[in-house]
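Just below is one structure, and these are the notes that go with it.
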Amino acid sequence: MYRAGRSVANRYLVLYYFPRSDESAPSNAATSSRIGFSVSKRLGSAVDRNRVKRSLREASRLSEARIQGGFDVVLIAREPMTELLDRGGAGAVEEKVLEVFRKASLLAPQEEQRPS
RNA sequence: AGGGCAGCCCGGGUAGCCGCGGAGAGGUGUCGGCCCAAGGGUCGGGACGCUCUUCGAGGAAAGUCCGGACACCGCAGAGCAAGGUGUUGGAUAACGUCCAACAGGGGAAACCCUCGGGAAAGUGCCACAGAAAAUACACAGCACGCCAGGGUGGUCAGCCACCCCGGUUGCGAAGGUGAAAUGGUGCGGUAAGAGCGCACCGGCGUCGUGGUGACACGGCGGCCUGGCAAACCCCACCUGGUGCAAGGCCGAAUAGGGAGGCGCUCGAGGGCUGCUCGUCCGAUGCCUCCGGGUUGGCUGCUAGAGACGCGUGGUAACGCGAGUCCCAGAUGGAUGGCUACCCUAGACAGAAUCCGGCUUACAGGGCUGCUGACGUG
RNA sequence: GCCCCCAUCGUCUAGUGGCCUAGGACAUCGCCCUUUCAAGGCGACGGCGGGGAUUCGAAUUCCCCUGGGGGCA
């Protein structure tokens with residue numbers, strides 16, 4: 001992933017993505033993308049890291065239908081993420097997740113035109 | 001009643017929708033096996049889903065500071081080394097933990113605090129200051145009792161009085177130094193002094209009584225000896241090492257490749273113990289370096305020194321008995337999001353083999369018992 | 001998860017109970033030297049990660065925290 005994939009980022013997140021080349025999933029566009037989350041110890045204690053990971057996982061679940069299928073994705077949280085979660089809550093996290101997926105052009109085309 | 005002290009407990013709640021992990025059940029999806037007249041039928045519950053039921057972080061899950069269980073290590077045997085503990089008695093699987101008692105200290109009391117063996121086994125240290133830091137001697141000093149000498153005065157002289165120096169004898173720490181000074185205070189005593197004597201206090205030894213014991217109380221004796229062992233050490237007791245990434249099973253992949261060294265029963269080398277001995281293993285074998293491959297699955301994995309209330313023994317820690325219950329097991333690592341209402345407006349913080357403790361962090365709240373200084377009635 | 005190690009001026013370090021009010025080098029600042037800069041000389045600034053305990057006395061010994069670093073499939 002890190003060697004061959006491409007990456008985009010904003011202040012709170014880094015996103016690595018790579019098209020799936022898996023024999024068990026032949027119809028790439030039909031299956032939804034796999035998303036992994038990476039939260040390092042720099043972000044705080046175990047409780048803080050779990051909170052960040054859960055908010056990222058919830059944001060990805062709520063917007064799963066809008067994300068283009070057929071990719072492996074890794075989302076890495078950066079240090080200001082804990083402050084964003086404390087201040088803005090889950091809504092702000094979801095907004096930033098969508099922003100970074102839009103930068104990578106991984107949002108489905110029909111969803112792209114709808115102003116959210 | 002405020003306050004104080006001790007012990008125990010709780011750690012947001014309720015409802016709805018969506019979502020995550022485990023277990024169990026179902027068999028209308030898919031998958032797999034078998035049969036087939038090609039429509040399907042049947043079996044399975046192994047895999048992926050689906051439906052239903054049920055469970056789903058903590059009092060510290062934390063720090064990893066101790067103690068165990070469990071597992072492995074060519075059975076762990078002996079000695080040394082190393083490390084740990086340290087009043088007494090008990091509890092316990094065990095402990096450096098807990099309970100009770102003792103000693104010392106604090107508080108008016110309830111109660112609280114204390115790593116609390118040995119300094120006459122030995123070695124070492126005690127800076128600066130001070131005569132001296134552990135040994136009672138020297139130096140400085142006091143007394144001028146005794147001896148010898150000198151000087152002055154009185155006296156004819158002997159001799160007497162005073163002074164000086166030296167020796168001898170006796171003396172012990174006042175002034176002062178220091179964190180600490182050779183038992184303390186007072187009185188007597190003396191040339192000057194000193195437990196030299198006496199009284200009280202403190203310490204030591206010994207005897208008696210009480211107590212399992214630490215120790216306490218009382219009698220008698222005599223006055224001999226600072227501190228530091230979280231300095232080395234001595235004594236008593238304890239410890240084999242490594243840790244679930246321990247360990248077991250299955251599968252996949254690569255090249256049983258290259259260089260160097262040692263050795264084949266008189267033996268290289270080998271312990272996941274630092275050394276010695278003992279013991280054991282050991283032959284196209286072992287060690288070091290270079291180079292290459294795999295970063296899969298199952299198991300260990302949660303029913304236990306288990307939880308709950310009851311009875312019972314014990315001052316207590318805790319033990320015993322019968323009853324009821326099953327209460328997380330993830331493996332990129334599961335508890336969340338949204339909405340509504342209520343309250344005291346939610347702190348510290350997330351299981352990773354398990355358990356008993358310790359330590360550290362913590363918003364707030366509840367219950368029980370005890371105490372009575374001060375203030376109010 | 002389990003097991004180890006370390007912490008002294010801004011940086012690298014010495015110091016193993018009292019001689020430490022902690023020494024040295026580089027860096028910074030000031031003065032001298034030089035026409036000026038560098039080098040050199042003199043001087044200044046600046047530190048024992050935090051708390052408690054033992055001791056008369058702790059950077060040093062013991063305990064608890066804090067912050068770094070490493071190893072184990």
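Each chain gets a letter, A, B and so on, in the order the sequences are listed, and its residues count up from 1. FYI, side chains are in, hydrogens and waters are out, and symmetry mates aren't considered; it's all heavy atoms of this structure. Please read all numbers here as calculations on a predicted model, not as lab measurements.
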Quiz item: So which one's nearest nucleotide on RNA chain B is more toward 5', A:Phe37 or A:Ser55?
Solution: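 With A:Ser55 and A:Phe37 compared, the 5'-side residue is A:Phe37.
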Quiz item: Mapping A:Ala90 and A:Ala46 to their closest nucleotides on RNA chain B, which lands nearer the 5' end?
Solution: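 Closest to the 5' end, via its nearest nucleotide, is A:Ala90.
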Whole-Å [atom1] distance, [N] and [M]:
N	M	atom1	result
B:rC228	B:rA120	P	11 Å
B:rA347	B:rU294	P	50 Å
B:rA328	B:rG241	P	35 Å
B:rA194	B:rA148	P	31 Å
B:rC223	B:rC196	C1'	12 Å
B:rA173	B:rC137	P	13 Å

Less than 4.0 angstrom between a side-chain N/O of [X] and OP1 or OP2 of [N], yes or no?
X	N	result
A:Arg54	B:rU335	yes
A:Ser45	B:rG350	yes
A:Arg57	B:rG332	no

Quick check on [N]: syn or anti? Syn means the glycosidic torsion is within 90 degrees of zero.
N	result
B:rG274	anti
B:rU276	anti
B:rG39	syn
B:rG74	syn
B:rA231	anti

Between N or O atoms, less than 3.5 Å apart, protein on one side and nucleotides 19-21 of chain B on the other: list the pairs.
{"from": "B:rG19", "atom 1": "O4'", "to": "A:Arg61", "atom 2": "NH1", "distance (Å)": "3.1"}

Using side-chain heavy atoms (C-beta onward) and a distance below 4.5 Å, is [X] in contact with [Y]?
X	Y	value
A:Phe101	A:Ile35	yes
A:Arg6	A:Tyr16	no
A:Arg49	A:Lys41	yes
A:Asn50	A:Val47	no

Quiz prompt | Gap separating the OG1 atom of A:Thr82 from the CG atom of A:Asp48, nearest 0.5 angstrom | solution =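 Result: 7.0 Å between the selected atoms.
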Quiz item: Rounded to the nearest 0.5 Å, how far apart are CZ of A:Arg11 and CE of A:Met81?
Solution: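 Nearest 0.5 Å value for the CZ-CE distance: 11.5 Å.
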Self-check item: Residue list, side-chain contact (heavy atoms from CB on, under 4.5 Å) with A:Arg57, at least two apart or on another chain
Solution: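 Per chain and number, A:Arg57 pairs via side-chain contact (heavy atoms from CB on, under 4.5 Å) with A:Phe37, A:Lys53.
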